[in-house]
Colleague: 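Provided herewith is a single structure, encoded as structure tokens, for subsequent inquiry.
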2 protein chains.
Amino acid sequence: MEYNDSSINFEDFLGVFLSISKREEHPKNIQLLQAGRTCRKLYFIEKGILRFYYYNDAGKDITHWFRFENSFITELDSFLNKTESSYYIETLEETVVYSISLEGFYKLSSLFPETEKIWNLALVQFLLELGEKVKDLQFRDAPTRYSNLIEKHPDILQRVALGHIASYLGITQQSLSRIRKQK
Amino acid sequence: MEYNDSSINFEDFLGVFLSISKREEHPKNIQLLQAGRTCRKLYFIEKGILRFYYYNDAGKDITHWFRFENSFITELDSFLNKTESSYYIETLEETVVYSISLEGFYKLSSLFPETEKIWNLALVQFLLELGEKVKDLQFRDAPTRYSNLIEKHPDILQRVALGHIASYLGITQQSLSRIRKQK
DNA sequence: TCCATTTTTTACCATAGGGTAAAAATTATG
DNA sequence: CATAATTTTTACCCTATGGTAAAAAATGGA
């Protein structure tokens, strides 16, 4: 993907990122961030799945999204503006991440001037993905949303509980079960 | 809002942006971008409302979002990667925008080194807003989504057709009408 | 000002998905 | 391995929203 006339080397960037960041191993079902706390880290996921979730007005656990290997995850607002997070981040498998603090991110930015542009790219990626999710929720029915998800992440059924998938899709677990039966 | 230890002057940035960009006046109901074309411009809206929309699988016109005064709008993927847009952008009122091309954006970036960071901020803003919309669509009912929208944009009812608002909320115009009656 | 066009409302029935509850299946633990 | 805990499925009924169609209201143009 080309962002700019001056081409950007993502591999180089990732190299610098990994050298500056701290490797962390976490078991399954550990919270890396809790609501009410400030998100102090930007994570790059080497192995495992992280779940980004919150409790809605009715007190239900809602999966906002999943993040898989080779992607970044953080609570953007909390991380950048040091505000209280209203989201949780938890591991769904044994997970290996590389983390940096906001200060580390600035350091990275000064060591590697392309950081801002790479970061821009990552943000745009997030945005497009989120935009697709809006499209999904806005006018596609649940069976379609479900099969879209499976198509995009064929291994998700083996790795993530159906209850989490249901809330991600915006339906109850019972509805998801019904949808699965009809195929 | 603070993004970084070195503070960023948005006003200065906007000044440079406006001096580099081209002022455009457009009447009501004009398409600034059509699906199938490449989005060549990044717009800053001085006056008016723009509607970002697409036709879904069933051929229905769906409002993806509205953009008001003092905000940026573009079809990000198309603009940055010069791909075919699958969205339309149209004016809903007489509108004044300032536009720059991608090349202009690079020029801005070199003239005003903070551009990337400002742009980052804008992207993060988009992301948070879109994240809220996902939350809305995922587990809030239509009457709640409607009143949230009115609360956020009290003047939208005077400025935008209800049909556009309905599709933005992910419901039919008939449903919106029913919801409005019950208040 | 009048007519045509567009937008909004109303009404009716159909259906997808929610809520509650309990059974069945799977997974974790002593 | 046996039991407990968790997850998933099934079943029931209920409600919010969609689809179609037509009437009413608002808007725009000649």
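A, B, ... follow the sequence lines: proteins, then strands. Residue 1 opens every chain. From a predicted model like this one, the values you see are computed outputs, not experimental measurements.
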Colleague: Consider the side chain of A:Gln173, meaning its heavy atoms from C-beta on, and name the nucleotide among C:dT9, D:dT9, C:dG18 that approaches it most closely.
Modeller: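 Closest nucleotide to the A:Gln173 side chain: D:dT9.
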
Colleague: So A:Ser177, base contact, sugar-phosphate only, or nothing? Heavy-atom distance under 4.0 Å.
Modeller: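 Counting heavy atoms under 4.0 Å across all strands, the contact made by A:Ser177 includes a base.
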
Colleague: Are a donor atom and an acceptor atom from the side chains of B:Arg180 and B:Ser177 found within less than 3.5 Å of each other?
Modeller: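 Not at all, the side chains of B:Arg180 and B:Ser177 share no donor-acceptor pair under 3.5 Å.
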
Colleague: Among the nucleotides C:dG18, D:dT7, C:dA28, which one has an atom lying closest to any side-chain atom of A:Ser175?
Modeller: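 Of the candidates, C:dG18 comes closest.
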
Colleague: From C:dG17, D:dT9, D:dT17, pick the nucleotide closest to the side chain of A:Arg178?
Modeller: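 Of the options given, the side chain of A:Arg178 lies nearest C:dG17.
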
Colleague: It should be established whether B:Thr172 places a side-chain nitrogen or oxygen under 4.0 Å from OP1 or OP2 of nucleotide D:dG18.
Modeller: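 Answer yes for this pair, as a side-chain N or O of B:Thr172 is under 4.0 Å from OP1 or OP2.
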
Colleague: Checking side-chain hydrogen bond (donor to acceptor under 3.5 Å, both in side chains) against A:Glu93, which of A:Lys47, A:Lys28, A:Arg159 comes through?
Modeller: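 The residue from A:Lys47, A:Lys28, A:Arg159 that satisfies side-chain hydrogen bond (donor to acceptor under 3.5 Å, both in side chains) with A:Glu93 turns out to be A:Arg159.
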
Colleague: Measure the distance from CD on A:Gln182 to P on D:dT10 and round it to the nearest whole Å.
Modeller: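 For the pair A:Gln182 CD and D:dT10 P, the rounded distance is 11 Å.
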
Colleague: Distance check needed: D:dA26 C1' versus B:Arg180 CZ, whole Å only.
Modeller: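 B:Arg180 atom CZ is separated from D:dA26 atom C1' by 13 Å.
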
Colleague: Considering only D:dT17, C:dG17, C:dT7, which nucleotide approaches the side chain of A:Ala142 most closely?
Modeller: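 Out of D:dT17, C:dG17, C:dT7, the nucleotide with an atom closest to A:Ala142's side chain is C:dG17.
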
Colleague: Please give, in whole Å, the distance from D:dG18 P to B:Leu176 CG?
Modeller: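 Result: 10 Å.
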
Colleague: Is there a side-chain contact between B:Lys60 and the phosphate of D:dG19, meaning an N or O under 4.0 Å from OP1 or OP2?
Modeller: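 Yes, within the criterion.
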
Colleague: Check whether the side chain of B:Gln174 and the base of D:dT20 form a donor-acceptor pair under 3.5 Å.
Modeller: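 Looking at the base of D:dT20, it does pair with a donor or acceptor on the side chain of B:Gln174 (distance under 3.5 Å).
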
Colleague: Could you walk me through whether B:Leu123 and B:Leu127 pass side-chain contact (heavy atoms from CB on, under 4.5 Å), step by step?
Modeller: CA-CA 6 Å; B:Leu123 291 176; B:Leu127 264 170; 5.6 Å; no

Colleague: Let me know the distance between CG of B:Leu162 and P of C:dT10, rounded to the nearest Å.
Modeller: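 So the two atoms are 12 Å apart, to the nearest Å.
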
Colleague: Report the distance from atom CG of A:Leu137 to atom P of D:dT17, rounded to the nearest whole Å.
Modeller: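 In whole Å, D:dT17 P and A:Leu137 CG are 14 Å from each other.
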
Colleague: How are the rings of B:His64 and B:Tyr87 set relative to one another: parallel (under 30°), tilted (30 to 60°) or perpendicular (over 60°)?
Modeller: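 It falls in the tilted class, 30° to 60°.
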
Colleague: Please report the distance, rounded to the nearest Å, between CD1 in A:Ile171 and P in C:dG18.
Modeller: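 It is 6 Å, rounded to the nearest whole Å.
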
Colleague: What nucleotide among C:dG19, C:dT8, D:dT10 has an atom nearest to a side-chain atom of B:Ala161?
Modeller: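 Shortest atom-to-atom distance from the side chain points to C:dT8.
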
Colleague: Which residue, B:Lys28 or A:His164, contacts DNA chain D at a nucleotide closer to its 5' end, judged by nearest heavy atom?
Modeller: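 Of the two residues, A:His164 wins.
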
Colleague: Which nucleotide wins on minimum distance to the side chain of A:Lys181, given the candidates D:dT10, D:dT17, C:dG17?
Modeller: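 For the A:Lys181 side chain, the nearest candidate turns out to be D:dT10.
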
Colleague: Could you tell me if B:Lys133 sits above the aromatic ring of B:Tyr168, with its cationic atom closer than 6.0 Å to the ring centre and no more than 45 degrees from the axis?
Modeller: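 So B:Lys133 does make the cation-pi contact.
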
Colleague: Using whole Å, report how far CD1 of A:Ile165 lies from C1' of D:dT7.
Modeller: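 So the CD1-C1' distance, A:Ile165 to D:dT7, works out to 12 Å.
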
Colleague: When the distance from CD1 of A:Ile179 to P of D:dT9 is rounded to whole Å, what number comes out?
Modeller: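 A:Ile179 atom CD1 is separated from D:dT9 atom P by 11 Å.
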
